[in-house]
2 protein chains.
Amino acid sequence: MSGALRYDKYAHEPFAVTVDLAVLTLRAGALHVLLVERGQEPYAGRWALPGGFLLPDESAESAARRELAEETGLADVSGLRLDQLRTYSEPGRDPRMRVVSVAFTALLPDAPEAHGGGDAARARWVPYDDARELAFDHDRILADARTRIGDRLENTPAATAFCPPEFTLGELQQVYEAVWGTPLDRPNFRRKVLAVPGFVAPVPGGARLTGGRGKPAALYRAGPAATLHPPLLRPQREGRTT
Amino acid sequence: MSGALRYDKYAHEPFAVTVDLAVLTLRAGALHVLLVERGQEPYAGRWALPGGFLLPDESAESAARRELAEETGLADVSGLRLDQLRTYSEPGRDPRMRVVSVAFTALLPDAPEAHGGGDAARARWVPYDDARELAFDHDRILADARTRIGDRLENTPAATAFCPPEFTLGELQQVYEAVWGTPLDRPNFRRKVLAVPGFVAPVPGGARLTGGRGKPAALYRAGPAATLHPPLLRPQREGRTT
DNA sequence: CCCTTTTATAGTCGGGCTGACCATAAAAGG
DNA sequence: CCTTTTATGGTCAGCCCGACTATAAAAGGG
């Protein structure tokens, strides 16, 4: 380590600060996560969440947005919503030195194929269940991200972030089913979604025809609500003591 | 700033990492927060949330627990639950240098008077509404903490953390009313609390007599549940577009 | 000592939401 | 033309909820 920082009357060791991103999308009805292949030690050749170091004059949110653009080549990063997940600071989570990492979640509609860029040797969308044995403590970060997203689906319109600008209620239901891992009753789901003011709004005149196999579904857009009242609670989670 | 850290092929500026604590309690039916008076610049003489720097070999959670013990002299810090709130990393939040701060919340039963220690010139319990114009961005952290705690009261037994080991349902209701800022109907509150499995359990044989003004209330202890099913939702929050 | 006040607790009742269904509509495919 | 598939509409009983009334058991005051 290089010199200690002088601050008040203490001498403080410096820390490296990074961001990690759990970027989730839905492909073919299954939850996928964006991973990059590490090019160097430690964990060379292992898959990891995209991320990187904070620059001297940017916030963690800015760094997360920059890294996302650099490592994935996504175009519309500016309009994308990033949510802080939590911060991981255990000593030893990076074998080389003290690294404190601020983790974020981001949700995308069905994704353009990612092309690795920046530090990442390669970038790929991986089915959530196949994303195991990641570098560092990224297994845990990813699990925390899924838990958090599942909770947010109950109280916020976050599910619409997985959908294109115009979507059917069937697509929205697929989001809930994929994230919660539970099948839902279609008529009841529709009734509850439409009962929440500001969750979704029908697009003025349209229905979707050519693609569908059955009766064409009505199209909706995300509504103005920031929170869902009443919430869309998951089916019976029993009271876990854990 | 002193030397930059060498990491991978980049040279990274070092950051100072701190923890800040929003420690809340209930006194006389009102929400109070633990504040310390700053002894030095910047913000000398201003009130601030307790906190401090991470040591080289401790996690943010460990640092938060240590700082809480040092600055308040509380005895039972080991059994106390700390929850990560979020991390604040905007450049300029500390006028001297880059400081990234991980904020925590902690909930206490009616509190032993805090005696300042460690860095803090003085430590005091301050009514939540009087805690304004704090140092740094602590106004915002404190507001975020209250929002978070309010949400947690809906889905977790967090409210019991404000109560002594044995408490009445009236005391528990005061917690909800103080945090949410809303009066609740007593019979309905009782019915809902008792309907949640594992939220509270009656203490084997007791009722509380001497202190009370009216009919003595039954005593309860916190139950084993980690989440509340069904949740105790706040009264009609309208769907805010914000 | 009685009566009022205060707090705890029990119960009631109608409306609304929920889950489990059943029914119908509108397309594609053979 | 008939089957399959998906979307959408409707029903119905049960539960939860908010609002409210009633009763019980203590303290306090005249």
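Just so we're on the same page: letters track the sequence lines, and every chain starts at 1.
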**Asked** Atom CZ of Phe189(A) and atom C1' of dT18(C): how far apart are they, to the nearest Å?
**Response** 15 Å
**Asked** Can you tell me if Ser101(B) and Asp20(B) form a side-chain donor-acceptor pair at under 3.5 Å?
**Response** yes
**Asked** Is Phe162(B) close to Asp110(B) at the side-chain level, that is, under 4.5 Å between some pair of heavy atoms?
**Response** no
**Request:** Measure centre to centre between the rings of Tyr176(A) and Phe189(A), then say whether the value is under 6.0 Å.
**Result:** yes
**Asked** Over how many whole Å does the gap from Arg234(B) atom CZ to dC17(D) atom P extend?
**Response** 16 Å
**Prompt:** With sequence neighbours excluded, what pairs up with Arg191(B) under the side chain to side chain donor-acceptor pair (under 3.5 Å) test?
**Reply:** Asn188(B)
**Fill in**
Between CD of Glu154(B) and P of dC16(D) the distance, given in whole Å, is 18 Å
**Item:** Candidate pair Glu67(A) and Glu70(A), rule side-chain contact (heavy atoms from CB on, under 4.5 Å), full reasoning
**Value:** CA-CA 5 Å; Glu67(A) 289 287 347; Glu70(A) 284 180 14; 4.0 Å; yes
**Request:** Decide, yes or no, whether a salt bridge links Asp151(B) with Arg234(B) under the criterion of side-chain N to carboxylate O below 4.0 Å.
**Result:** yes
**Message:** What I want to find out is whether Arg146(B) reaches Asp144(B) closely enough, with some N-O distance under 4.0 Å, to be called a salt bridge.
**Reply:** no
**Item:** Residues from residues 172-184 of chain A lying under 4.0 Å of DNA chain C - heavy atoms
**Value:** none
**Message:** Give me the stems containing DNA chain C, sorted by first residue, counting only three or more consecutive Watson-Crick or G-U pairs with both distances under 3.5 Å; say none if there aren't any.
**Reply:** C:1-30 with D:1-30
**Asked** Between Thr168(A) (side chain) and Ala218(A) (backbone), is there a donor-acceptor pair under 3.5 Å?
**Response** no
**Request:** Applying ring-ring contact (aromatic ring centres under 6.0 Å, His included), name anything that partners His138(B), two or more places apart in sequence or on another chain.
**Result:** Phe136(B)
Distances under 3.5 Å between protein N/O atoms and the N/O atoms of nucleotides 11-16 of chain C, please, pair by pair.
none

**Prompt:** Mind checking whether Leu108(A) and Val23(A) have side chains closer than 4.5 Å, heavy atoms only?
**Reply:** yes
Tabulate atom names and distances for all N/O pairs under 3.5 angstrom spanning the protein and nucleotides 3-6 of chain D.
from   : atom 1 : to        : atom 2 : distance (Å)
dT6(D) : O2     : Lys215(A) : N      : 3.2

**Request:** Could you tell me whether Glu37(A) and Arg46(A) make a salt bridge, using a distance below 4.0 angstrom between a side-chain N and a carboxylate O?
**Result:** no
**Message:** Between Glu61(A) and Arg65(A), does any NZ, NE, NH1 or NH2 come within less than 4.0 Å of an OD or OE carboxylate oxygen?
**Reply:** no
**Request:** Would you please test Phe104(A) and Val19(A) for side-chain contact (heavy atoms from CB on, under 4.5 Å) and show each step?
**Result:** CA-CA 7 Å; Phe104(A) 290 82; Val19(A) 294; 3.9 Å; yes
**Fill in**
note: Leu233(B), atom CG; dC17(D), atom P; distance rounded to Å ~ 8 Å
